[in-house]
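The structure appears right after this line, and notes come after that.
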Amino acid sequence: VTPFVMRRFGFVGSIVALEVASMPFFLMLAFTTSFPVAVAAFLLRGLLMNAATPVLKNFSMHASSRDARALQNGVTSTMSGIGWAIGPRLGGWLLDRSAGNYQTLMCATVAFYVLAACATWILLRPLETRSARADSATEGIAPDETPTASASSTFSAWCPRTMRMPSEARRRVVELSARSEPLTAKS
């Protein structure tokens, strides 16, 4: 699912599309009285929501400078852990306040998913758009000549060297690697 969606929508579009596609199954899970429908909705919601995770992680690694990737990954993991620590407590509190009504809790969760998808689009889409412009501007420039970018510009200059190379240079690297010839880096 993920490679098809990535080709069609790009990084941010894929993240948002997969998250939004999972929401009807979450609502189905909340309102169904059929066990087979609940199982199918549970599995499809999980599949679609979890399919967005590798795309988000890949995008965040591309959007971070090589030196900041460890910190970025740590902050992301910590914030996710905090969410997992607070979520059950908050969910239990909401469940108590709603007299055990899981439908209310699941609808609130979907509302938070909608807010998260909107925030992802609003905050990350401009970064992806700037990156696409920078990628087209650097096409045809040798890897060692690729201009560096400040943290406020794009992530194209932060991508691994082979991802910034023009297609002909990438083809040559793959060809040389296949022959097991040593590659020397320019100083």
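Side-chain atoms are counted along with the backbone in the values below, which use heavy atoms only and exclude waters and symmetry mates. All values reported here derive from a predicted model rather than from experimental measurement.
Taking hydrophobic clusters as Ile, Leu, Val, Met, Phe, Trp and Tyr residues chained together by side-chain heavy-atom distances below 4.5 Å, M49 does not share a cluster with L115. V114 is not connected to L90 by any chain of hydrophobic side-chain contacts under 4.5 Å among Ile, Leu, Val, Met, Phe, Trp and Tyr, and they are in different clusters. By the rule that hydrophobic residues join a cluster once side-chain heavy atoms approach within less than 4.5 Å of another member, F112 and Y102 end up as members of separate clusters. In the hydrophobic clustering of this structure, L94 does not group with V110; members are Ile, Leu, Val, Met, Phe, Trp, Tyr whose side-chain heavy atoms approach within less than 4.5 Å, directly or through other members. The same ILVMFWY cluster, assembled from side-chain heavy atoms under 4.5 Å apart, contains both L105 and W93.
Counting all heavy atoms, side chain and backbone alike, W121 lies closest to G13 at CZ3-CA, 3.9 Å. Between G83 and P88 the shortest heavy-atom distance is O-CD, 4.4 Å. In terms of heavy-atom proximity, F11 sits nearest to H62 at CZ-CD2, 3.7 Å. The shortest heavy-atom contact between V16 and A117 is CG2-O, 3.6 Å. Residues F25 and A41 share a closest heavy-atom pair of O-CB, 3.4 Å. For the residue pair T109 and F26, the shortest heavy atom distance occurs at CG2-CE1, 3.3 Å.
Taking 4.5 Å as the limit, some side-chain heavy atom of L43 sits within range of a side-chain heavy atom of V39. With contacts defined as side-chain heavy-atom distances shorter than 4.5 Å, the pair S14/T2 does not qualify.
Side-chain atoms of S22 come within 3.5 Å of backbone atoms of E19 as a donor-acceptor pair (strictly under, hydrogens ignored). Here the side chain of N58 pairs no donor or acceptor atom with the backbone of P54 at under 3.5 angstrom. Looking only at distances, no side-chain donor or acceptor of S80 sits under 3.5 Å from a matching main-chain atom of T76. Not a single donor-acceptor pair under 3.5 Å links the side chain of T32 to the backbone N or O of L29. Put simply, the side chain of R69 gets close to the backbone of M61: a donor and an acceptor are under 3.5 Å apart.
A distance of 13.5 Å separates CD of Q72 from CG of D67, quoted to the nearest 0.5 Å. How far CG of L18 is from CG of L56: 11.0 Å, rounded to the nearest 0.5 Å. Rounding to the nearest 0.5 Å places OH of Y113 at 10.0 Å from CE of M106. Interatomic distance, M23 CE to C107 SG, rounded to the nearest 0.5 Å: 12.5 Å.
Counted by atom type alone, N101 and T104 present one or more donor-acceptor pairs between their side chains at under 3.5 Å.
Screening L123, I122, L124 for a side-chain contact (heavy atoms from CB on, under 4.5 Å) involving T120 leaves a single residue, L124.
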Inset, instruction - Applying side-chain contact (heavy atoms from CB on, under 4.5 Å), run through F59 and L127 and close with a yes or a no. - result: CA-CA 10 Å; F59 180 73; L127 180 62; 3.8 Å; yes

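Residues meeting the salt bridge (charged side-chain N to carboxylate O under 4.0 Å, His left out) test with R125, sequence neighbours left out: E128.
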